[in-house]
2 protein chains.
Amino acid sequence: MTHCPTILQALRQRGYRITSQREMIIEIIAHSDRHLSAEEVFHRLREKTSASNLTTVYRTLEMLWVEGFARRNDLGEGRVVYAPLAHGPHLHLVCRSCNRVIEADHSLLAGAEHQLREHYGFQADLAHLNLFGVCQDCREG
Amino acid sequence: MTHCPTILQALRQRGYRITSQREMIIEIIAHSDRHLSAEEVFHRLREKTSASNLTTVYRTLEMLWVEGFARRNDLGEGRVVYAPLAHGPHLHLVCRSCNRVIEADHSLLAGAEHQLREHYGFQADLAHLNLFGVCQDCREG
DNA sequence: TCTCTAATTGCAAATCTTTGCAACTAAAAA
DNA sequence: TTTTTAGTTGCAAAGATTTGCAATTAGAGA
C-alpha cells in the first residue's frame, strides 16, 4: 500500500484513468519482493478477482514502465519481467555462453549515467540493467 | 564473403557442423550493411533456396551470437535484430516515453567496460548497446 | 569409401506479447 | 446529478520466438 496512493494520484494527473484493474496490478507489483512476469502478475490478479485479463496486465505493466513507476528487465530468454522501483539497484552480467548471471556493483556505471545526462540530457535507467557478454570461464575454456 | 571462411572454420573447430543453411545465413548477415530481424534473414534466405526454415534461422542467429560472431539487439518492441560484428560501435539511448532513439558516443562506456573485465573477468558486449531511459524533452514536457 | 553417431533440420505445437476493434466506463463538463 | 467523450477493457487474432521430437546428415573414424 505504501506507494500506491502516490502512484495513482500521479497517473491521474497525467491523464490516465484509474480503474480497479490498474489499482490491483499496481498494488501487486508495488508489494512484490522480486520481479514478476506478466503471467505471474496475472495469476496473482486472478486470486483477487475474475475481472482480469492478460492483455490488460501487459498494457498496464508497459504503461507503468513508460511512466517510470516500474522497472522492466528483459532477461533475453523470451520473457520480460517487472519490478517495483523500491528494489535496490542491480547490475547483472549475463554470460551469453553459459547463461550464468554475475551480480555486479552498479555504481560502476555512475560515471556513464552522469555523462549521458550531461551530454545528451538523457536520464538512463541504469539501476536495473542486464549486460550481455562472456564470463571468464567461458573465455578461457 | 570476407569473414565467412574464418567464421566457418572457427565454428567447425568448436564442434559445430557446417550445413548449407548455416553457410547461407552467415553469408547473409556478414554482408548486411544494417541489422536484420530473423524474419528478414529468412526472406533473404528464401530468395536463395527453398531449403530454409524460420526456426533454423532463429537457431542459427542465436548460435552466432553465443559464439560471438553476431551482434544481437533487442529494440524493446517485440523483435530482436542481428548485425555483423563489422558494424561500428553504437550506443542507442531509447526514450521509453516517446520512443525516440539518440545515438551516443559509445566510448562513454569504455571505463565501465574496463572495470567489468578487471573486477569480474566479464567481457561485456557494450559495442552495440541500447539503454532505456527518458529524454530531455519528455522529462521537461 | 562406407559406417556410425551425435548434431542439425523441419514441422507442429506451445509460449510470450502485441494489436484491432467494439463495448464499457472514469472523470470532466454541463 | 446527468451527459459526454476519450481512455480502457476484453476478446480474438496476429505476430514473434521457443521447444519437442522424429527424420536427416555432417564429419569423424573404420
Measure from [atom1] on [X] to [atom2] on [N] and round the result to the nearest Å.
X: B:Arg17; N: D:dA26; atom1: CZ; atom2: C1'; value: 5 Å
X: A:Met63; N: C:dT18; atom1: CE; atom2: C1'; value: 17 Å
X: B:Leu8; N: C:dT8; atom1: CG; atom2: P; value: 13 Å
X: B:Phe42; N: D:dA16; atom1: CZ; atom2: P; value: 13 Å
X: B:Glu39; N: D:dT18; atom1: CD; atom2: P; value: 13 Å
X: B:Ile18; N: D:dG27; atom1: CD1; atom2: P; value: 6 Å
X: B:Tyr16; N: C:dT5; atom1: OH; atom2: P; value: 23 Å
X: B:Leu45; N: C:dT9; atom1: CG; atom2: P; value: 11 Å

Establish, with yes or no, whether the OP1 or OP2 oxygen of [N] is under 4.0 angstrom from a side-chain nitrogen or oxygen of [X].
X: A:Tyr58; N: C:dT17; value: yes
X: B:Arg12; N: D:dG27; value: yes
X: B:Gln21; N: D:dT25; value: no
X: A:Arg22; N: D:dT8; value: yes
X: A:Thr55; N: D:dG10; value: no

**OP:** Select from B:Ala38 and B:Ser20 the residue whose nearest nucleotide in DNA chain D is closer to the 5' end of that strand.
**Re:** B:Ala38
Original post:
How do B:Thr19 and B:Arg59 order along DNA chain D: which one's closest nucleotide is nearer the 5' end?
Top reply: B:Arg59
Original post:
Of all the nucleotides listed (C:dT18, C:dT8, C:dG10), which has the minimum atom distance to the side chain of B:Thr56?
Top reply: C:dG10
**OP:** From the options C:dT18, D:dT8, D:dG10, select the nucleotide whose nearest atom is closest to the side chain of A:Ala51.
**Re:** D:dG10
**OP:** Please report the C-alpha distance between A:Arg34 and A:Glu40 in whole Å, then the side-chain angles of each, then the deciding distance to 0.1 Å, and finally whether the salt bridge (charged side-chain N to carboxylate O under 4.0 Å, His left out) criterion is met.
**Re:** CA-CA 11 Å; A:Arg34 59 181 195 79; A:Glu40 288 170 317; 3.1 Å; yes
Original post:
Considering residues, nucleotides and ligands other than A:Glu23, do more than 12 of their heavy atoms fall under 6.0 Å from its CD?
Top reply: yes
Subject >> A:His128 and A:His90 aromatic ring geometry - parallel, tilted or perpendicular at 30°/60° bounds >> reply: tilted
Original post:
Are A:Arg72 and B:Arg96 side-chain neighbours, meaning at least one heavy-atom pair lies under 4.5 Å?
Top reply: no
**OP:** Test salt bridge (charged side-chain N to carboxylate O under 4.0 Å, His left out) on B:Glu27 and B:Lys48 and set out the steps.
**Re:** CA-CA 11 Å; B:Glu27 208 178 303; B:Lys48 297 186 171 205; 3.7 Å; yes
